[in-house]
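Quick notes on the structure that follows.
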Amino acid sequence: MPVRKVLIGVTAAAVAVGVVVVGAVGVDYGTSIYAEYRLSSTMRKAANLGSDPFVAIVAFPFIPQAMRRHYNQLEIKANAVDHARVGTATLEATMYSVDLTDASWLIRPDARLPVEKLESRIIIDSTHLGGYLGIRDLMVEAPPRETNTATGGVTASGISDSHGLVFSGTPHVSGFDRRVSVSVDLSIAADDPATLVFTATGVLTGPDTADQAVPDDKRDAVLHAFNARLPDQRLPFGVAPTSEGARGSDVIIEGVARGVTLRLDGFKQS
């Protein structure tokens, strides 16, 4: 009988500890959800967005980081933002090692946030890019050599190389109305860091393309239809572009900066 009582006591203690642990985890998770909700609402107002953006504070446990006034990682993503030239785009920012000394754990709208590393992106889907280029059925793919890589791209965030992207669509060319695939290079204009340049380099045929040859007398006109300059593409928080490429069927401009201090109202630049 004494042994049985001991076992019952040990079991009861274990259950009690489990309840405390589960309760603590629940409180921590609930607090992080509230902080994300508050920051999302603050971001919408500070950056003049049309809706609350997605916000993720990547922290577990959360409360110790909040008490230290330091977040290891913070992600912000705003979809369907009114954007220059293309109509709408997605804006993203990923911050690493965020100092909250001048803020609070809920981050005030006017707070200055020192950040060890900042990744900033503009994401333009193929539908809106096609509208800008005048190619309504445009599809964008990463360079063929990258489609089977483990990460899906050459950057940490999975963005492809800027050379040899596959653009497929029906260009507006007199006497030629067929869907084609073209190899396109992306670059930032030498005279303007906010301008993305599209340079068509050749017609593609074979597997995973439109597999449509172009007559010699239409080739220059077809390639010209995929050439363009896309100005006014200023990255969130004014970060300078460091890479451009594709992810999925989106074109992405990305900038990476270190040792910067930012405010929430700088998220949307154009």
Side-chain angles (χ1 to χ4, degrees), residues 77 81 83-94 117-135 137-169 171 180-210 214 219-220 222-258 269-270:
K77 181 176 182 177
V81 177
H83 207 61
R85 308 290 179 168
V86 294
T88 64
T90 296
L91 304 181
E92 283 186 357
T94 304
K117 180 183 177 182
L118 171 62
E119 298 173 353
S120 178
R121 304 176 196 93
I122 296 174
I123 303 173
I124 306 168
D125 64 65
S126 57
T127 298
H128 287 86
L129 179 58
Y132 178 79
L133 297 176
I135 303 173
D137 57 347
L138 180 69
M139 289 295 294
V140 176
E141 297 177 85
R145 63 183 178 276
E146 295 177 15
T147 56
N148 294 320
T149 61
T151 63
V154 298
T155 71
S157 51
I159 300 173
S160 78
D161 186 68
S162 60
H163 296 86
L165 280 70
V166 181
F167 280 35
S168 298
V180 298
S181 293
V182 170
S183 178
V184 175
D185 293 346
L186 304 181
S187 61
I188 298 299
D191 59 341
D192 181 9
T195 294
L196 181 65
V197 179
F198 302 82
T199 305
T201 60
V203 176
L204 301 173
T205 57
D208 302 318
T209 71
V214 176
R219 183 182 180 85
D220 288 347
V222 167
L223 294 179
H224 181 74
F226 289 87
N227 287 337
R229 287 171 60 96
L230 179 57
D232 301 324
Q233 304 305 300
R234 295 175 178 83
L235 293 174
F237 300 114
V239 178
T242 54
S243 60
E244 48 281 343
R247 190 173 63 194
S249 190
D250 300 327
V251 165
I252 303 180
I253 311 169
E254 180 179 65
V256 179
R258 295 182 180 275
Q269 294 282 311
S270 60

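Keep in mind the model is a prediction, meaning the values are calculated, not measured.
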[Y] and [X], any side-chain heavy atoms less than 4.5 Å apart:
X      : Y      : result
Pro143 : Leu165 : yes
Asp161 : Ser243 : no
Phe226 : Val180 : yes
Val197 : Leu186 : no
Leu230 : Ile124 : yes
Val182 : Phe198 : no
His83  : Leu91  : yes
Arg121 : Thr94  : yes

How close do [X] and [Y] get, counting heavy atoms only, and between which atoms?
X      : Y      : result
Thr209 : Leu204 : OG1-O, 3.8 Å
Leu196 : Ser187 : CD1-O, 3.5 Å
Ala142 : Val166 : O-CG2, 4.1 Å
Val256 : Val239 : N-CG1, 3.9 Å
Gln233 : Ile122 : C-CD1, 3.6 Å
Glu254 : Leu235 : C-CD1, 3.8 Å

Check for a donor-acceptor pair, side chain of [X] on one end and backbone N or O of [Y] on the other, with a separation under 3.5 Å.
X      : Y      : result
Asn227 : Ala200 : yes
Asp250 : Ile252 : no
Asp185 : Gly164 : yes

Please identify each residue that fulfils side chain to side chain donor-acceptor pair (under 3.5 Å) with [X], with sequence neighbours left out.
X      : value
Ser168 : Ser181
Ser249 : Ser126
Thr88  : His128
Thr201 : Ser183

Quiz item: salt bridge (Lys or Arg N to Asp or Glu O under 4.0 Å): which pairs involve residues 232-245, sequence neighbours left out?
Solution: Arg85-Asp232, Asp232-Arg234

Quiz item: If you look only at pairs with a residue in residues 192-208, which of them pass as a salt bridge (Lys or Arg N to Asp or Glu O under 4.0 Å), with sequence neighbours excluded?
Solution: none

Self-check item: salt bridge (charged side-chain N to carboxylate O under 4.0 Å, His left out) involving Asp220 - partner list, sequence neighbours excluded
Solution: none

Practice problem: Please identify each residue that fulfils salt bridge (charged side-chain N to carboxylate O under 4.0 Å, His left out) with Arg229, with sequence neighbours left out. | Solution: Asp191

Hey, what do you get for [atom1] ([X]) to [atom2] ([Y]), rounding to the nearest 0.5 Å?
X      : Y      : atom1 : atom2 : value
Phe167 : Glu141 : CZ    : CD    : 10.5 Å
Met139 : Thr127 : CE    : OG1   : 8.0 Å
Ile135 : Asp137 : CD1   : CG    : 8.0 Å

Exercise. List for me each residue that meets side-chain contact (heavy atoms from CB on, under 4.5 Å) alongside Val203, sequence neighbours excluded, and say none if there are none.
Key: Val214, Arg219, Leu223

Quiz item: Would you say the side-chain atoms of Glu119 and Ser157 include a donor-acceptor pair closer than 3.5 Å?
Solution: no

Quiz item: Which residues satisfy the ring pair (Phe, Tyr, Trp, His ring centres under 6.0 Å) test with Phe237, sequence neighbours excluded?
Solution: Phe267

